[in-house]
Amino acid sequence: TRTYNTIINGYLKAGKSSEALQMFEEMQKGSCSRDTITYNTMIMGLCKAGKVNDAYGIFAAMEHQGCSPDVYTYNSIFYGLLKVHRLAEALTLFEVKKTKGCSPDHITYRTLINGFCIAGNADQALQFLVDLKASGHVPDLVTYSTLINGLCKVGRMDVAYKLYEDVLEQKFVPNLITMNTLLNGFGKDGQFDRAHQLFAELKDMGIRPDVVSYNALICAAGKVGNTDAAFQLLEEMQCAGCSPDVVTYSHLIELLSNSDKAGQAWDLFTQMEKRGRHPDLVSYNLLLAGLVKASRLDDACYLMEEAKRKGLTPD
RNA sequence: GUUUUUCAUUGU
């Protein structure tokens, strides 16, 4: 059985789900019986491959076939359901599972919190945080960061910040990712000042800002139309030994394009190429938008041809 | 000591 399990897992990891299924069927007929791990392996593998329906079928059948689901099984099936945004089913199953006496572990909570955040249901995710605490688990920094990100994405900056304070209170040390997440959230929300403040805070904490931090902050400056600040930050990051990447340039190109400075946007685009940062489709799209906005349609067509020559496929 | 589960940050 262990041998089969290992092989099945191998097939699934290699993206060969039909071969895995074949082995799985073979076990049913042969001398090796399936155990819970066999089912778990199949279910997770299929979920990862996006074949959630198949996984669910196996899950539904396993009890009749004499194997009871354990916490791994549930975690995998939650992962799958949430991946395809079947939130209601996940919730129902969560309740059912509890009545069956299979209690959620910290991975269950993380999976659920992550899934609901991705699906944009921050309230439910927050509820899981409450449950998690109530059941005696301690949320870790990744869980917090996930939640903070989820809240930022739906513009609930007040609650996001509250969670950040929670983190501090619990004597967790926020890391670069946590700070970047929050900083980006404030920036997107049009609160450049607060974003900037967080930027200062993270430096005070002894964290060295990375290209993501600067990009988020440049975006924040752009959001409030502060072109000067955006370019100052470009200088600043270079002084700090952080080299701008294609995302940095994209933010700046977008900012210039939006403020009717298509010419400058194009200059910057050229500069980026000179510096060895290859423009991608996003950069092209942004500059194209700027040119179109400025009614420079011929230039736009020219640029589009150039993109094609570089092997990019305009969308 | 050998098989299975989740995981966070930036651009159109």
Side-chain angles (χ1 to χ4, degrees), chain A residues 1-10 12-13 20 34-48 55 67 69-80 82-83 104-115 117-118 125 139-153 160 163 167 174-185 187-188 195 198 202 207 209-220 222-223 237 242 244-255 257-258 279-290 292 314-315:
Chain A
T1 301
R2 278 186 178 219
T3 314
Y4 271 102
N5 289 351
T6 309
I7 294 174
I8 287 175
N9 189 34
L12 289 165
K13 291 247 158 84
R34 301 167 178 167
D35 62 6
T36 300
I37 293 185
T38 317
Y39 283 97
N40 293 349
T41 307
M42 276 307 297
I43 290 170
M44 191 59 199
L46 291 171
C47 285
K48 286 230 185 226
C67 263
D70 64 5
V71 69
Y72 279 70
T73 321
Y74 281 107
N75 291 348
S76 305
I77 209 78
F78 286 137
Y79 170 81
L82 293 171
K83 191 172 173 166
D105 64 1
H106 69 282
I107 295 187
T108 315
Y109 282 112
R110 264 206 201 183
T111 306
L112 290 168
I113 288 174
N114 191 41
C117 279
I118 290 173
D140 66 1
L141 190 59
V142 175
T143 305
Y144 272 114
S145 301
T146 305
L147 260 167
I148 290 174
N149 189 38
L151 289 162
C152 287
K153 288 276 140 68
L163 279 182
V167 169
N175 63 15
L176 180 61
I177 296 186
T178 316
M179 297 306 280
N180 283 347
T181 305
L182 204 55
L183 192 157
N184 181 49
K188 288 273 158 36
L198 274 166
L202 83 89
I207 302 175
D210 67 355
V211 65
V212 175
S213 326
Y214 281 105
N215 289 349
L217 203 54
I218 288 175
C219 172
K223 186 100 190 166
M237 74 188 284
C242 185
D245 64 5
V246 62
V247 177
T248 317
Y249 286 108
S250 299
H251 281 300
L252 293 167
I253 288 169
E254 181 177 23
L255 173 56
S257 291
N258 285 341
D280 60 7
L281 197 56
V282 178
S283 346
Y284 273 103
N285 283 343
L286 286 166
L287 182 54
L288 279 169
V292 170
D315 55 7

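Numbered from 1 within each chain, the chains take letters A, B, ... in sequence-line order.
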Check: What residues form a ring-ring contact (aromatic ring centres under 6.0 Å, His included) with A/Y214, not counting sequence neighbours?
Finding: A/F199

Notebook entry, point to check: Between atom CD1 in A/I253 and atom C1' in B/rU10, what is the gap in whole Å?
Noted result: 15 Å

Next item on the list: Nearest whole angstrom, please: distance from the C1' of B/rA8 to the CG of A/L151.
Entry: 13 Å

Notebook entry, point to check: Would A/L112 and A/T108 count as a side chain to side chain contact (heavy atoms under 4.5 Å, CB included) if you check the C-alpha gap in whole Å, the side-chain angles of each, and the deciding distance to 0.1 Å?
Noted result: CA-CA 6 Å; A/L112 290 168; A/T108 315; 4.0 Å; yes

Note to self: Students often get this wrong, so: under 4.0 angstrom with heavy atoms, is A/D315 touching a base, only sugar-phosphate, or nothing?
What the structure shows: nothing

Next item on the list: Would you classify A/K188 as touching base, sugar-phosphate or nothing, given that sugar-phosphate means primed atoms plus P, OP1 and OP2, and contacts are heavy atoms under 4.0 Å?
Entry: sugar-phosphate

Item checked: Footprint string (nucleotides 2-7 of chain B, 5' to 3'): B base within contact, S backbone only, - free, heavy atoms under 4.0 Å -> BBBBBB

Checklist line | side-chain contact (heavy atoms from CB on, under 4.5 Å) against A/L287, all qualifying residues, sequence neighbours excluded | finding: A/I253, A/A265, A/W266, A/F269, A/L291, A/L303

Checklist line | Set of residues satisfying side-chain hydrogen bond (donor to acceptor under 3.5 Å, both in side chains) with respect to A/Y72, sequence neighbours excluded | finding: none

Check: Please give, in whole Å, the distance from B/rG11 P to A/K223 NZ?
Finding: 11 Å

Notebook entry, point to check: Could you give the CG-to-C1' distance, from A/D245 to B/rU9, as a whole number of Å?
Noted result: 13 Å

Next item on the list: Would you classify A/T108 as touching base, sugar-phosphate or nothing, given that sugar-phosphate means primed atoms plus P, OP1 and OP2, and contacts are heavy atoms under 4.0 Å?
Entry: nothing

Next item on the list: Could you list the residues that satisfy side-chain hydrogen bond (donor to acceptor under 3.5 Å, both in side chains) with A/T73, not counting sequence neighbours?
Entry: A/N40, A/D70

Notebook entry, point to check: With distance as the sole criterion, is a donor-acceptor pair present between the side chains of A/N9 and A/T6 under 3.5 Å?
Noted result: no

Item checked: Length of the line joining A/M179:CE and B/rA8:C1', which is rounded to integer Å -> 15 Å

Margin query: Taking atom types as they are modelled, would you say the side chain of A/N180 forms a donor-acceptor pair with the base of B/rA8 within the 3.5 Å cutoff?
Written below: no

Check: Who passes ring-ring contact (aromatic ring centres under 6.0 Å, His included) against A/Y39, sequence neighbours left out?
Finding: A/F24

Item checked: Separation of atom OH in A/Y249 from atom C1' in B/rU10, rounded to whole Å -> 16 Å

Note to self: Without decimals, in angstroms, what is the distance between A/I148 CD1 and B/rA8 P?
What the structure shows: 14 Å

Check: For A/D210, which contact category applies under a 4.0 Å heavy-atom criterion: base, sugar-phosphate, or nothing?
Finding: nothing

Next item on the list: Specify the separation, in whole Å, of atom CG of A/L147 and atom P of B/rU9.
Entry: 12 Å

